[in-house]
Colleague: 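Quick one: this structure, given as structure tokens, is what I'll be asking you about.
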Amino acid sequence: MALIAYDQADAAAFQATRHLRDDDLATWRAAIGRYFEPRPGMRLLDLGSGTGSWARAFRTWWPRLEVVAVEPAAAMRERSVFQPVLAGAADDIPCADAALDGVWLSTVIHHVPDLIAAARELRRVLKPGAPVLIRSAFAGRHEAISLFRWFPEAVAVLDGYPSIADVEAAFATAGFTTAGCEPVPQVTAASLAEAAAGLRRAAHTPLQLISDEAYAAGVARLDEAARARSGPVVDALDLLVLR
């Protein structure tokens, strides 16, 4: 379930740089709450849970919610800050039929090789009316993500990701309809200088898939901008919700 094969170096970079600060998760908690109302005993699947930051956040926010983490990459499971983590994939989820009250996919959908198979499998494990909450950068929607400002060559990689329409069409084959779609702002770093110092190529799929020359040029652009600008780095990813 990946455009890249996540090894130990990728997992370490992801864990070091891709976890948002707890204080910077408030916008996402509010957005999720508009579509998912957690109650004691409900079960939420974090599919493609990576190194566990979202599963950990859900457990902190809603202690009486059961969080199920599933991740295909062994390197990610080994470094997860949330345990336990089950091995599985979008088309092979280790859950019983109609066992889940919601599913969360964060920066995962572009790694799914067969969206129709994934939609069919999610329909199997979800209760009727339960939401699929997809946090992602989608094809054609790079303007609000600062990474692409410094690495414009990576836009071509993003444009190879599924679009919102692609995901909606694939999930419609399993009976899902769109319940909402909105950009959600987040503070990605306290400053450009912090972002530049903490950048790890292995933590970003689009940066791994551009040339070394394009990556070096982007680092130079970012470093130059970081010397001249202050203030937090605010990005926006989309939340697409299907039921």
Side-chain angles (χ1 to χ4, degrees), residues 1-4 6 28-29 31-39 41-59 61-62 65-74 76-77 80 82 84-139 141 160-182 184 205 237-243:
M1 194 168 76
L3 286 175
I4 59 175
Y6 283 103
W28 283 103
R29 181 177 182 177
I32 293 165
R34 288 192 277 276
Y35 304 97
F36 177 69
E37 186 176 346
R39 296 187 298 275
M42 293 177 71
R43 304 180 78 211
L44 176 66
L45 171 65
D46 184 354
L47 179 58
S49 59
T51 48
S53 64
W54 287 102
R56 180 178 63 182
F58 298 146
R59 177 177 282 172
W61 295 344
W62 305 304
L65 177 74
E66 181 181 350
V67 180
V68 180
V70 171
E71 168 57 45
M76 291 289 205
R77 295 196 302 270
S80 180
F82 177 94
V85 186
L86 305 176
D91 59 355
D92 185 17
I93 299 170
C95 295
D97 294 357
L100 301 171
D101 298 283
V103 61
W104 170 256
L105 298 95
S106 176
T107 60
V108 166
I109 201 70
H110 53 282
H111 290 301
V112 178
D114 187 337
L115 288 175
I116 291 176
R120 186 166 55 245
E121 179 70 345
L122 286 168
R123 176 57 75 200
R124 179 186 71 80
V125 299
L126 284 169
K127 296 177 183 177
V132 179
L133 303 137
I134 301 173
R135 172 183 180 266
S136 188
F138 291 98
R141 294 175 67 84
Y161 286 15
S163 67
I164 290 172
D166 291 335
V167 176
E168 289 175 324
F171 275 70
T173 66
F176 288 96
T177 58
T178 301
C181 183
E182 58 183 271
V184 180
T205 299
L237 274 68
D238 288 305
L239 176 63
L240 173 63
V241 183
L242 307 163
R243 295 186 188 274

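Throughout, numbering of the chain's residues begins at 1 and tracks the sequence.
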Colleague: To check you understand the geometry: which heavy-atom pair defines the closest contact between Leu47 and Val103, and what is its length?
Modeller: CB-CG2, 4.0 Å
Colleague: Determine the minimum heavy-atom distance between Phe82 and Val67, stating which atoms define it.
Modeller: CZ-O, 3.7 Å
Colleague: For the residue pair Gly48 and Pro72, what are the closest heavy atoms and their distance?
Modeller: CA-CD, 4.4 Å
Colleague: If we only count heavy atoms from C-beta on, is the Leu122 to Leu242 side-chain gap below 4.5 Å?
Modeller: no
Colleague: Tell me whether Glu182 at atom CD has more than 12 heavy atoms from other residues, nucleotides or ligands lying less than 6.0 Å away.
Modeller: yes
Colleague: Charged N to carboxylate O under 4.0 angstrom, Arg124 versus Asp97?
Modeller: yes
Colleague: Restricting to non-hydrogen atoms, name the atom on Val70 and the atom on Ala89 that form the minimum distance, rounded to 0.1 Å.
Modeller: CG1-N, 4.2 Å
Colleague: Taking the side chain from Asp101 and the backbone from Met42, do they hold a donor-acceptor pair closer than 3.5 Å?
Modeller: no
Colleague: Walk me through it: do Glu168 and Leu240 pass the test side-chain contact (heavy atoms from CB on, under 4.5 Å)?
Modeller: CA-CA 9 Å; Glu168 289 175 324; Leu240 173 63; 4.2 Å; yes
Colleague: Quick one, Leu115 and Pro162 - any side-chain contact, counting heavy atoms below 4.5 Å?
Modeller: yes
Colleague: Is there side-chain contact between Phe138 and Val167, with at least one heavy-atom pair below 4.5 Å?
Modeller: yes
Colleague: Atom CZ of residue position Arg141 - does it have more than 12 heavy atoms of other residues, nucleotides or ligands inside 6.0 Å?
Modeller: no
Colleague: Given side chains that start at C-beta, do those of His111 and Thr205 come closer than 4.5 Å, heavy atoms only?
Modeller: yes
Colleague: Measure the acute angle between the ring planes of Trp62 and Phe36, then classify it against the limits of 30° and 60° as parallel, tilted or perpendicular.
Modeller: perpendicular
Colleague: Among Tyr35, Trp54, Trp61, exactly one meets ring-ring contact (aromatic ring centres under 6.0 Å, His included) together with Trp104. Which residue is that?
Modeller: Trp54
